[in-house]
Amino acid sequence: MIDDSIIKEHGLTQEEYKRITALIKREPNLTELGIFSLMWSEHCSYKSSKIHLKNYPTSGKNVIQGPGENAGIIDIGNGLAVVFKIESHNHPSFIEPYQGAATGVGGILRDIFTMGARPIATLNSLRFGPLSVPKNKTVMEGVVSGIAGYGNSIGVPTVGGETYFDECYSLNPLVNVFCLGIAKKDKIFYSRAEGIGNPVLYVGSKTGRDGIHGATMASAEFGEDLEQKRPNVQVGDPFKEKLLLEACLEVMEKNLALGIQDMGAAGLTCSTTEMAANSGTGIEIDINLIPQREQGMTPYEIMLSESQERMLIVAQKEKVKQAQSVFAKWDLDAVIIGHVTDTQNLKVKSGDKTVVDLPLRAIINQCPVYNREAKPPAPPAPVIDLNDISFPENYEQAFLQIIKSPGLADKQWIFRQYDHMVQTNTTVLPGADASVLRIKNTNKALAVTLDGNSLYTYVNPRSGGIIAVSEACRNLACVGAKPVGVTNCLNFGNPEKSEIMWQFKEAVHGIAQACKAFQIPVTGGNVSFYNETEGIPIYPTAVLGVVGVIDALDKIMTPEFKAPGDTILLLGENKEELGASEYMNQIHSKKGGPPPEIDLRKEKRVQSLCLKAISKNMIKSAHDLSEGGLAQCLAECCLLGKKRIGCRINLEDKIRTDALLFGETQSRILISLEEDQEDAFKSLAGKRKVPYSIIGKTGGENILIKHLGEKIINIPVQKVYSLWKYSLPGFFKIE
């Protein structure tokens with residue numbers, strides 16, 4: 001008997017339960033209720049977000065696959081396609097940091113090779129609470145170890161990402177994982193169950209009790225019962241996944257599969273229902289044929305399990321034995337568990353007994369879609385009045401305090417744990433504006449970056465969304481890449497709260513506006529709601545993964561100064577903007593707005609100029625200005641290279657010194673070039689109507705900055721380097 005408490009335990013409302021009974025014209029049994037609870041969960045159905053996600057641009061001349069599949073696909077020429085996506089694994093990573101993060105990596109890898117692509121890189125965007133709190137440090141260490149343990153073992157490099165810290169993430173860390181793969185354009189596979197009577201094969205690891213109701217857990221707030229949710233976290237095996245990856249790619253190369261789908265969130269339930277629904281067919285399976293690693297598992301447990309490293313394949317009858325022989329070679333199960341039907345139903349049997357018989361349309365297509373109330377919070381985010389902000393007593397101390405802040409300090413203590421050179425494609429290592437990977441057997445390279453400033457999005461969600469896209473594209477421009485596609489991971493609180501829904505709606509519209517301006521399609525992504533614990537939400541955190549193409553390997557640019565005596569130029573304009581900046585947070589302990597203004601037309605012109613200058617071999621380095629402002633950008637240009645070259649800067653802007661040094665005004669790029677290129681660059685900038693200023697020279701052992709002739713910062717590069725690299729608590733020096 002299904003009562004109100006059981007309905008609530010499954011994350012469904014009374015109205016949703018009534019809708020289910022109306023659609024199937026009877027009361028569901030417990031297994032059927034579990035299936036609906038997964039597929040109607042926020043994590044799987046996007047019932048609160050899809051109405052807003054429709055605003056995204058999703059098509060374009062090079063788009064092969066947009067939203068709706070396991071991953072997006074963009075044609076990059078040479079008969080090749082790039083396959084990419086980002087997903088979240090936030091809730092599991094707090095409950096069980098190592099396995100939560102590890103299985104997040106495993107899941108996104110399967111999303112990519114399910115499409116017929118070989119994964120060539122992963123990146124991650126991480127958010128934790130302050131490391132001064134022992135629990136936060138433990139969570140962070142577990143997450144980083146999980147990412148390293150899975151990625152290093154399977155042989156896919158982790159080539160970049162971002163890590164930030166704030167109190168709002170103490171009870172709800174964010175673990176967003178991105179994966180990029182390469183496929184032959186004529187060897188792309190989809191989630192389909194076609195051909196009535198064709199066999200359905202279960203391949204990969206055996207099914208256990210781990211991860212049951214994982215998707216439902218990811219669609220609810222945390223309370224005080226966290227330990228009880230530990231069984232909802234999956235357990236990963238990267239060595240088994242490596243076998244599965246190679247076996248699946250071999251089966252697809254030999255055309256032995258008609259359709260393929262990984263068993264990720266919602267496990268067997270998701271793969272069976274989505275494959276059949278995508279093809280307008282039905283599917284019937286026998287639960288007794290499922291390979292199981294535990295005794296006495298019920299149909300409910302088997303259908304809801306999220307055990308890792310499993311796939312569902314539909315194959316032609318005459319090719320089944322060939323497919324099974326491939327999986328046997330890789331020491332993997334490949335068992336026929338059912339067949340495709342013409343019923344448009346999901347039918348699950350246990351021997352002769354039918355335990356599930358549901359219309360696929362009800363499960364997939366008739367989930368409720370909510371247009372939830374969205375209104376700005378009252379009071380809104382605080383506004384900073386610069387007239388109330390005092391100047392630092394010592395600019396050097398302020399500069400050093402920002403340099404060593406957890407969000408801006410060097411992250412080598414994280415990425416040194418990742419193998420970023422396996423597969424030998426990595427051309428620009430972690431720490432630059434974007435990661436760059438060569439495409440073997442071509443003269444091209446791929447660039448990819450993850451970006452998102454959660455404080456900007458908190459104080460102004462629409463601006464935060466626009467800036468996230470703009471900064472990601474600017475990062476690509478700084479390495480010489482043109483953006484071709486976007487994937488996004490949207491991490492927000494409880495969508496049932498009107499202020500959270502307003503944040504989400506505004507951020508999505510901002511992202512859409514910027515993507516349309518840059519003419520780049522959104523090919524997919526992930527929405528992670530209910531990032532709240534005991535009623536405390538995270539900052540709205542929109543993470544943008546943008547992929548770009550570099551047409552020639554000799555046109556790759558990096559941020560570090562290359563030689564003394566080069567001229568340093570600042571593209572764009574400096575403004576008195578300090579709202580939502582790292583400076584206000586670190587020096588004045590204020591997190592209010594407004595964020596920097598953003599003019600997309602100016603932004604595009606600055607990026608276009610940078611790309612053109614790189615293509616003409618005019619410049620020797622390029623680095624975008626973002627968190628920490630001009631001072632941080634200059635320091636990184638000095639510190640990122642092995643030579644650690646200093647600089648001599650003289651700034652003439654008649655604005656506040658702290659805003660000039662630490663303001664985060666958008667649409668700015670710092671470049672260096674040889675003196676004999678100055679005239680040619682001046683002409684190029686004039687044609688593109690981009691303002692710029694010559695601000696200094698590279699060279700020396702100090703970072704020397706003057707404002708209107710007055711020396712305000714003069715610090716040895718080595719001292720800055722030591723603070724930037726070794727200041728975070730509890731970590732050993734890396735020599």
Side-chain angles (χ1 to χ4, degrees), residues 52-64 66-67 72-77 82 84-86 178 180 433-436 445-453 456-457 460-490 506-525 542-551 555 557 571-572 595-615 622 624-626 665-669 688-690:
H52 300 295
L53 298 177
K54 291 177 181 178
N55 290 285
Y56 281 161
T58 58
S59 60
K61 64 178 181 179
N62 295 321
V63 177
I64 296 174
I73 308 178
I74 298 288
D75 186 346
I76 56 172
V82 61
F84 58 97
K85 193 182 183 185
I86 189 170
F178 170 100
L180 179 79
D433 292 279
S435 302
V436 180
L446 293 172
V448 61
T449 183
L450 299 185
D451 284 287
N453 188 308
Y456 290 176
T457 312
N460 189 322
R462 188 173 292 240
S463 288
I466 294 172
I467 290 173
V469 176
S470 301
E471 186 185 344
C473 292
R474 197 185 320 135
N475 280 327
L476 294 185
C478 287
V479 298
K482 297 178 182 177
V484 296
V486 179
T487 183
N488 64 139
C489 200
L490 306 175
E506 288 291 296
V508 166
H509 281 269
I511 293 168
Q513 181 182 342
C515 288
K516 290 171 184 175
F518 284 102
Q519 296 181 313
I520 45 176
V522 179
T523 62
V543 177
L544 274 293
V546 185
V547 177
V549 174
I550 302 172
D551 290 329
K555 303 298 182 185
M557 187 56 58
L571 310 187
E597 294 178 351
I598 179 76
D599 183 324
L600 288 168
R601 292 170 298 178
K602 291 181 179 179
E603 180 73 51
K604 289 177 66 178
R605 287 200 295 267
V606 168
Q607 293 184 24
S608 175
L609 173 60
C610 183
L611 282 168
K612 194 65 175 179
I614 292 171
S615 72
D624 87 302
L625 279 76
S626 55
T665 294
Q666 297 296 294
S667 310
R668 296 184 296 167
I669 295 175
R688 280 168 168 69
K689 299 179 180 179
V690 175

Find the distance between [atom1] ([X]) and [atom2] ([Y]) and round it off to the nearest 0.5 Å.
X: Lys602; Y: Glu597; atom1: NZ; atom2: CD; value: 8.5 Å
X: Tyr56; Y: Ile511; atom1: OH; atom2: CD1; value: 3.5 Å
X: Leu571; Y: Arg605; atom1: CG; atom2: CZ; value: 13.0 Å
X: Asn488; Y: Ile86; atom1: CG; atom2: CD1; value: 8.0 Å
X: Gln513; Y: Ser470; atom1: CD; atom2: OG; value: 9.0 Å
X: Leu625; Y: Ile669; atom1: CG; atom2: CD1; value: 9.0 Å

How about [X] and [Y]: do any of their side-chain heavy atoms sit closer than 4.5 Å?
X: Pro461; Y: Tyr456; answer: no
X: Ile73; Y: Thr523; answer: no
X: Cys478; Y: Met557; answer: no
X: Leu490; Y: Val508; answer: yes
X: Ile520; Y: Cys473; answer: yes
X: Ile76; Y: Asn62; answer: no
X: Asp451; Y: Asn475; answer: yes

What residues form a salt bridge (Lys or Arg N to Asp or Glu O under 4.0 Å) with [X], not counting sequence neighbours?
X: Asp624; value: Arg474
X: Asp551; value: none
X: Lys604; value: none

Residues which pass side-chain hydrogen bond (donor to acceptor under 3.5 Å, both in side chains) with [X], listed by chain and number, not counting sequence neighbours:
X: Ser667; result: Glu603
X: Asn453; result: Glu627
X: Asp75; result: Lys185

Sorted by first residue and then second, give each salt bridge (charged side-chain N to carboxylate O under 4.0 Å, His left out) pair with at least one member in residues 506-523; sequence neighbours left out.
Arg462-Glu506

Could you list all the salt bridge (charged side-chain N to carboxylate O under 4.0 Å, His left out) pairs where at least one residue sits in residues 475-489, not counting sequence neighbours?
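Sorted result for residues 475-489: empty, none.
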
With [X], which residues qualify under side-chain contact (heavy atoms from CB on, under 4.5 Å), at least two apart?
X: Lys54; answer: none
X: Ala514; answer: Ile466, Val469, Leu600
X: Ala481; answer: Ala447, Leu476, Val479, Ile550
X: Val63; answer: Ile74, Pro521

Please step through side-chain contact (heavy atoms from CB on, under 4.5 Å) for the pair Asn55 and His509, ending with a clear verdict.
CA-CA 7 Å; Asn55 290 285; His509 281 269; 3.5 Å; yes

Indicate the atoms forming the closest heavy-atom contact of [X] with [Y], along with that distance.
X: Ala468; Y: Leu544; value: CB-CD2, 3.7 Å
X: Thr449; Y: Ala434; value: CB-CB, 4.0 Å
X: Cys515; Y: Val522; value: SG-CG2, 3.8 Å
X: Thr487; Y: Phe178; value: CG2-CE1, 3.6 Å
X: Ala512; Y: Pro57; value: O-CD, 4.1 Å
X: Ser626; Y: Glu471; value: CB-OE2, 3.2 Å

With distance as the sole test, does Ser615 use its side chain to make a donor-acceptor pair with the main-chain N or O of Lys612 at under 3.5 Å?
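Confirmed, Ser615 side chain pairs with Lys612 backbone.
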
side-chain contact (heavy atoms from CB on, under 4.5 Å) evaluation trace for Val546 with Val448:
CA-CA 6 Å; Val546 185; Val448 61; over 6 Å; no

